[in-house]
Amino acid sequence: MTLPTLLINTEPARWLPALRAAAPEMQFRPQAEIGDAADVDAILTWKVDPALIDALPNLRLLYAVGAGVDYLVDLARTRPQLQIARVVDDAVTGDVATLAVAGTLQWFRDLPAYAGQKQNELWHPLPVRSTADTTIGILGLGRIGRAIARAFQALGFRVCGWSRSIHRMEGVSTYTGSEGLHAMLPQAQVLVCALPLTAETEGIISAQVLGCLPPKSFFVNVGRGLHVDEVALQAALDSGRLAGAFLDVFAEEPLAPGHSFWLDARVQITPHVASRTRPSRVAPQIIDNLLRLRTGQPLLNLVRPEAGY
Ligand SMILES: NC(=O)c1ccc[n+]([C@@H]2O[C@H](COP(=O)([O-])OP(=O)(O)OC[C@H]3O[C@@H](n4cnc5c(N)ncnc54)[C@H](OP(=O)(O)O)[C@@H]3O)[C@@H](O)[C@H]2O)c1
């Protein structure tokens, strides 16, 4: 059997050693050493230039190195011979959930305010917010949204979640559709976005959606920056609808100098660091899928281009 060839389109210095260690007999080529383009069966990538895809006549698989595939689905829609798979890793899921919880808790327990007090040697207790009185609303109940839900549940928060299809999760109130969203939002003192970016979810954090939240609520984004109407988010902060926000992702990255989010003390920022896939953890699943591709078996962790995720 001829083994498939994988072109590495992202960070070859990180990915090649892990892949070669896991399958020394297989062909992994950094893009700089592409060789005969007709050999390439699959690309391991984050974002890929459509011209490269068009230059690979036998390409059948785009392999996303992260959970988000928004950069790839449009490319596959117009090329029906291409499948998209993504790496799936509980460590990535856990890392994103950890940041969503950490971002929420620092606000929830007034840690920035106490850090300010410490600088001035002030001892000034603030009212204690209780987890039992606080509802977390999670947009997206996929791998990451469910992990976020479980983490908040374990701390005693009330949790509700919204997804495209209805999910059953013990102890979590679940919603779907536009009606479900509007039923969930008024309860969500903390709204966490863990959605994929699709035509349906782009701009979902709009003035209208933010206006449905309870006053002085908190917003966390570990999804994608383009989920958010950033002007509407700033207006919600300025009107007091939102007490604060924790943002890991932005419409434009890096966040532009002088952006209002840099200047607003109520906005906490991390530079898109919720997770980073570790090649050695996911190399075996990539190799398994490449072998499936070659032997005509169904691939694992496939993306549905028609759904956009
Ligand atoms: N900040 C970071 O560094 C970072 C790292 C990893 C991932 N992410 C982001 O997190 C996203 C989610 O990852 P995941 O692994 O949890 O994805 P996933 O397993 O595919 O789950 C996506 C969830 O969103 C729901 N959804 C999709 N479209 C919807 C719509 N129109 N209305 C309502 N719900 C909708 C899905 O509903 P169903 O369950 O009904 O299908 C599902 O529950 C990624 O796409 C990526 O953008 C960010």
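Ligands are counted one by one from 1 in listed order, and the atoms in each one are counted from 1 as well. Side chains are part of it too, since the values below use all heavy atoms of this structure and drop only hydrogens, waters and symmetry mates.
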Open item on the list: So if I count the atoms of ligand 1 from 1 in the order they appear, which ones are less than 4.0 Å from some heavy atom of His272?
Closed with: 1 (N), 2 (C), 3 (O)

Open item on the list: Is any side-chain heavy atom of Trp162 closer than 4.5 Å to one of Leu195?
Closed with: yes

Open item on the list: Which residue and atom name correspond to the protein heavy atom nearest atom 7 (C) of ligand 1, and how close is it?
Closed with: Ile144 CD1, 3.3 Å

Task: Nearest-0.5 Å distance, CG of residue Asp54 to CG of residue Asp49 - done: 9.0 Å

- [ ] Please determine if Arg266 and Asp238 form a salt bridge, counting it only when a charged side-chain N lies under 4.0 Å from a carboxylate O.
- [x] yes

Open item on the list: Just to confirm my output: which protein heavy-atom neighbour is closest to atom 12 (C) of ligand 1, and how far is it?
Closed with: Ala194 O, 3.4 Å

TODO: Below 4.0 angstrom from a heavy atom of Ala274, which ligand 1 atoms are there? Numbered from 1 as shown, please.
DONE: 1 (N), 2 (C), 3 (O)

- [ ] Measure the spacing between CG of Leu7 and CD of Glu33 and express it to the nearest 0.5 Å.
- [x] 10.5 Å

Open item on the list: Looking at ligand 1, would Gly66 count as a contact under a 4.0 Å heavy-atom criterion?
Closed with: no

Task: Backbone or side-chain N or O of Gly142 under 3.5 Å from ligand 1 N or O - done: yes

- [ ] Using distance alone, decide if ligand 1 has a nitrogen or oxygen within less than 3.5 Å of any nitrogen or oxygen in His167.
- [x] yes

- [ ] Would you mind running through ligand 1 and noting each atom that sits below 4.0 Å from a heavy atom of Glu200?
- [x] 31 (N)

Task: Stepwise ring-ring contact (aromatic ring centres under 6.0 Å, His included) test for Phe157 and Phe108 - done: CA-CA 11 Å; Phe157 288 95; Phe108 185 71; 5.0 Å; yes

- [ ] Taking the side chain as every heavy atom from C-beta outward, state whether Ile53 and Leu75 have any pair of such atoms under 4.5 Å apart.
- [x] yes

- [ ] Among all protein heavy atoms, pick out the one at the shortest distance from atom 22 (C) of ligand 1; state its residue, atom name and that distance to 0.1 Å.
- [x] Pro196 CD, 3.6 Å

Open item on the list: For atom 8 (N) of ligand 1, which of the options Val96, Val222, Leu139 provides the nearest non-hydrogen atom?
Closed with: Val222

Open item on the list: Tell me whether Arg129 forms a cation-pi arrangement with Trp107, defined as NZ or CZ under 6.0 Å from the six-membered ring centre and within 45 degrees of its axis.
Closed with: yes

Task: Backbone or side-chain N or O of Arg164 under 3.5 Å from ligand 1 N or O - done: yes

TODO: For atom 32 (N) of ligand 1, grab the closest protein heavy atom and report residue, atom and distance to one decimal in Å.
DONE: Trp162 CH2, 3.2 Å

- [ ] Look at the aromatic rings of Trp46 and His272 and report parallel, tilted or perpendicular, splitting at 30° and 60°.
- [x] perpendicular

TODO: Could you check Arg158 against Asp133 for salt bridge (charged side-chain N to carboxylate O under 4.0 Å, His left out), going step by step and ending with a plain yes or no?
DONE: CA-CA 8 Å; Arg158 291 188 300 247; Asp133 299 333; 5.1 Å; no

Task: Derivation and outcome, salt bridge (charged side-chain N to carboxylate O under 4.0 Å, His left out), residues Arg150 and Glu170 - done: CA-CA 10 Å; Arg150 282 192 289 270; Glu170 202 180 331; over 6 Å; no

TODO: State the atoms of ligand 1, each with its element, that fall below the 4.0 Å cut-off from a heavy-atom position in Val249.
DONE: 1 (N)

- [ ] Can you pull out the closest protein heavy atom to atom 5 (C) of ligand 1? Residue, atom name and distance to 0.1 Å, please.
- [x] Ser275 OG, 3.3 Å

TODO: In plain terms, say whether Asp39 and Arg29 are close enough for a salt bridge, that is, a side-chain N and a carboxylate O under 4.0 Å apart.
DONE: yes

- [ ] Considering only non-hydrogen protein atoms, determine which one is nearest to atom 44 (C) of ligand 1 and report residue, atom name and distance to 0.1 Å.
- [x] Gly68 CA, 3.9 Å

Task: Numbered atoms of ligand 1 (with element) below 4.0 Å of Ala67, judged on heavy atoms - done: 6 (C), 7 (C), 15 (O)

Task: Identified side-chain hydrogen bond (donor to acceptor under 3.5 Å, both in side chains) counterpart of Tyr63 within the set Thr10, Asn9, Asn289 - done: Asn289

TODO: Measure Thr201 to ligand 1 on non-hydrogen atoms and call it side chain, backbone, both or neither using the 4.0 Å cut-off.
DONE: side chain

Donor-acceptor contacts under 3.5 Å from residues 301-309 side chains, at least two apart:
unit_1, atom_1, unit_2, atom_2, d
Tyr309, OH, Arg164, NE, 3.0

- [ ] State the atoms of ligand 1, each with its element, that fall below the 4.0 Å cut-off from a heavy-atom position in Asp248.
- [x] 1 (N), 2 (C), 3 (O)

TODO: List the closest protein heavy-atom neighbour of atom 20 (O) of ligand 1: residue, atom name, distance to the nearest 0.1 Å.
DONE: Tyr309 CD1, 3.4 Å

TODO: Could you establish whether Leu195 and ligand 1 come within less than 4.0 Å of each other, counting only heavy atoms on the residue side?
DONE: yes

Open item on the list: Does ligand 1 come near enough to Leu197 that some N or O of the ligand is less than 3.5 Å from an N or O of the residue?
Closed with: no

TODO: Identify, by atom number and element, the atoms of ligand 1 in contact range of Arg86, meaning under 4.0 Å from any of its heavy atoms.
DONE: 14 (P), 15 (O), 17 (O), 18 (P), 19 (O), 20 (O)

